[in-house]
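Below, chains carry the letters A, B, ... as their sequence lines are ordered, and counting in each starts from 1. The figures that follow rest on heavy atoms only: side chains count, while hydrogens, waters and symmetry mates do not. What you see is a predicted model; the values in this text were computed from it and never measured.
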2 protein chains.
Amino acid sequence: MAQHNIDVQNSFEGVCSLFHNLQPGEKELIRRNFTCSYYRKGEIIYKEGDKPSGLVCLTKGKVKIFKEGVGGRDQIMRMAKPVGFIGYRALFADENYIASAQALEDSVICVIDRTVLLEILKMNAELTLHILRSVATELGFSNNRTVTLTQKHIRGRLAESLIFLRDTYGFEDDGQTIKVYLSREDLANLSNMTTSNAIRTLSAFSEEGVLELDGRRIKVLDVHKLERISDLG
Amino acid sequence: MAQHNIDVQNSFEGVCSLFHNLQPGEKELIRRNFTCSYYRKGEIIYKEGDKPSGLVCLTKGKVKIFKEGVGGRDQIMRMAKPVGFIGYRALFADENYIASAQALEDSVICVIDRTVLLEILKMNAELTLHILRSVATELGFSNNRTVTLTQKHIRGRLAESLIFLRDTYGFEDDGQTIKVYLSREDLANLSNMTTSNAIRTLSAFSEEGVLELDGRRIKVLDVHKLERISDLG
DNA sequence: CCCAATTTATGCTTAAAATCATGTTTTAGA
DNA sequence: TCTAAAACATGATTTTAAGCATAAATTGGG
């Protein structure tokens with residue numbers, strides 16, 4: 001696979017900006033154990049059961065993190081955007097991955113070697129404490145998500161997913177179009193419903209004037225109404 | 001409320017045993033900022049929205065951690081047993097509690113002052129890294145839980161909850177009776193279903209010879225069958 | 001010990017969402 | 001550009017679980 005012109009230096013700086021209280025020597029250590037690679041849309045970055053080789057970071061593109069469910073039905077756990085870490089849970093828990101990561105667009109993925117990172121963390125308590133805070137925050141998201149995915153009805157879950165996507169990726173320049181283009185199946189897997197129901201409910205939202213649909217392009221016409229639907233459950 | 005004869009020293013040692021790589025000076029610091037109190041069955045230890053004052057530890061009794069759901073329906077997120085921490089997610093995330101904790105039996109709760117603990121963590125990277133691992137592991141449980149609660153059917157969810165309770169609290173001396181006595185409503189809130197359905201499904205398991213029921217006493221007659229039901233979804 | 005309140009139990013009805021079926025549109029590759 | 005595959009759309013049907021009603025059993029407090 002060709003080197004699709006990755007700006008390693010820029011990626012490196014982006015990744016480092018995610019760390020707090022990183023000492024010069026530690027930064028140099030990371031630089032020397034830092035690799036980048038290019039993933040085409042649809043390619044798998046890691047799979048459930050794989051062993052983490054290091055701390056994975058997305059510096060360009062979009063990635064979905066998903067778990068295979070009971071009847072082969074996937075559940076999307078998280079959506080990543082640049083610059084951000086993925087797969088760190090398994091790394092810090094010292095476990096294999098319990099979810100898979102797939103590029104939704106052409107993406108650049110960088111990896112900091114596992115051993116080197118852990119060495120740094122053992123020396124830098126402040127940095128470790130900061131990461132602990134991030135993971136604790138994410139555990140909160142996960143707990144909230146469990147409740148909404150189990151207790152809200154289909155309309156509420158889909159509305160919440162759309163709001164979540166807007167919060168994560170923002171709008172296009174028109175201020176209305178959500179800046180991510182998911183298949184109906186992905187949207188369903190994010191919202192814990194069948195593809196049929198995602199399609200149906202999107203159509204309903206469109207008829208109600210909440211959304212305007214054009215293929216995978218989703219334009220939010222009435223944010224308040226969407227939020228109300230999400231809150232109602 | 002009377003001092004129900006709390007053995008503070010014993011509780012203190014129990015709590016300290018949960019920390020790894022704790023230095024003598026740090027231990028002394030904790031001892032001087034360590035309080036214990038007694039909670040009767042049913043009493044609330046903290047509520048959703050409260051601000052954590054420190055690291056809470058259960059040294060005696062049983063506690064449920066639950067979130068209020070959409071229609072006032074609670075979702076039990078976690079069951080705690082001694083000796084173990086509760087409410088640490090909010091503390092480390094520097095947030096208010098997103099769930100409430102209630103004693104299921106008479107319990108002893110100890111608290112390590114927040115400021116003191118964070119001081120220790122800032123100095124002790126190894127300890128912080130160890131806590132990071134625990135929180136990352138729990139995030140994994142939470143993610144798995146999200147999938148099973150959303151994708152498994154009622155029978156599978158209830159069976160899984162029963163297995164989970166056995167894993168957490170173990171069996172009585174007879175080797176069959178799960179060592180925790182929950183109301184049908186709590187069992188339902190743990191398994192994401194209505195109380196009616198928890199009752200109905202328990203009865204079904206009993207008729208199928210998987211369980212033997214006697215009030216809140218649940219005797220597991222056929223572990224394999226229970227596991228099979230859980231795995232089927 | 002007794003009574004009210006709560007919990008448990010069970011049947012029936014309704015609502016929600018999955019499944020199935022069919023057809024159309026879009027996309028990717030030869 | 002054509003074709004096959006994939007994705008999207010919509011209606012009908014079935015399954016699942018919630019909701020509701022009623023009654024029995026259990027529990028806790030006076």
message: Taking only side-chain N and O atoms of B:N197, does any of them lie within less than 4.0 angstrom of OP1 or OP2 on D:dA17?
response: no
task: Would you confirm whether B:T148, through its side chain, and B:R145, through its main-chain N or O, come within 3.5 Å as a donor-acceptor pair?
output: yes
- prompt: Just to confirm, is there a sub-4.0 Å distance from OP1 or OP2 of C:dA17 to any side-chain nitrogen or oxygen of A:T194?
  reply: no
message: Rounded to whole Å, how long is the line connecting atom CD of B:E207 with atom P of C:dG11?
response: 9 Å
- request: Identify whether the distance between the nearest side-chain nitrogen and carboxylate oxygen of A:D214 and A:K219 falls below 4.0 Å.
  value: no
- prompt: B:R184 side chain: which of C:dA17, C:dT8, D:dT10 is closest?
  reply: C:dT8
task: Find which nucleotide of DNA chain D each of A:H153 and A:E185 is nearest to by heavy atoms, and output the residue with the more 5' nucleotide.
output: A:E185
message: Check this for me: does any side-chain nitrogen of one of B:R78 and B:E138 sit under 4.0 Å from a carboxylate oxygen of the other?
response: yes
query: Atom CD1 of A:I199 and atom P of C:dG23: how far apart are they, to the nearest Å?
result: 17 Å
4.5 Å side-chain heavy-atom contact, A:L187 and A:L165: yes
query: Can a side chain N or O of B:S196 be found less than 4.0 Å away from OP1 or OP2 on C:dT10?
result: no
- prompt: Just how far, in rounded Å, is C1' of C:dT7 from CG of B:L213?
  reply: 14 Å
- prompt: Please give, in whole Å, the distance from C:dA9 P to B:L202 CG?
  reply: 8 Å
field: Rounded distance (Å) that lies between atom P of C:dA18 and atom CD of B:Q151
entry: 10 Å
message: If I take atom CZ in residue A:R155 and atom P in nucleotide C:dA17, what distance separates them, rounded to the nearest angstrom?
response: 10 Å
- line: Atom CZ of B:R217 and atom C1' of C:dT7 are separated, to the nearest Å, by 19 Å
query: Does OP1 or OP2 of C:dT7 have a side-chain N or O of B:R216 closer than 4.0 Å?
result: no
message: In whole Å, I'd like the distance from the CE atom of B:M193 to the P atom of D:dA17.
response: 8 Å
- request: Answer yes or no: is there an ion pair linking A:E160 with A:K152, defined by an N-O contact shorter than 4.0 Å?
  value: yes
- request: Please confirm whether any donor atom in the side chain of A:R200 sits under 3.5 Å from an acceptor in the base of C:dT19, or the reverse.
  value: yes
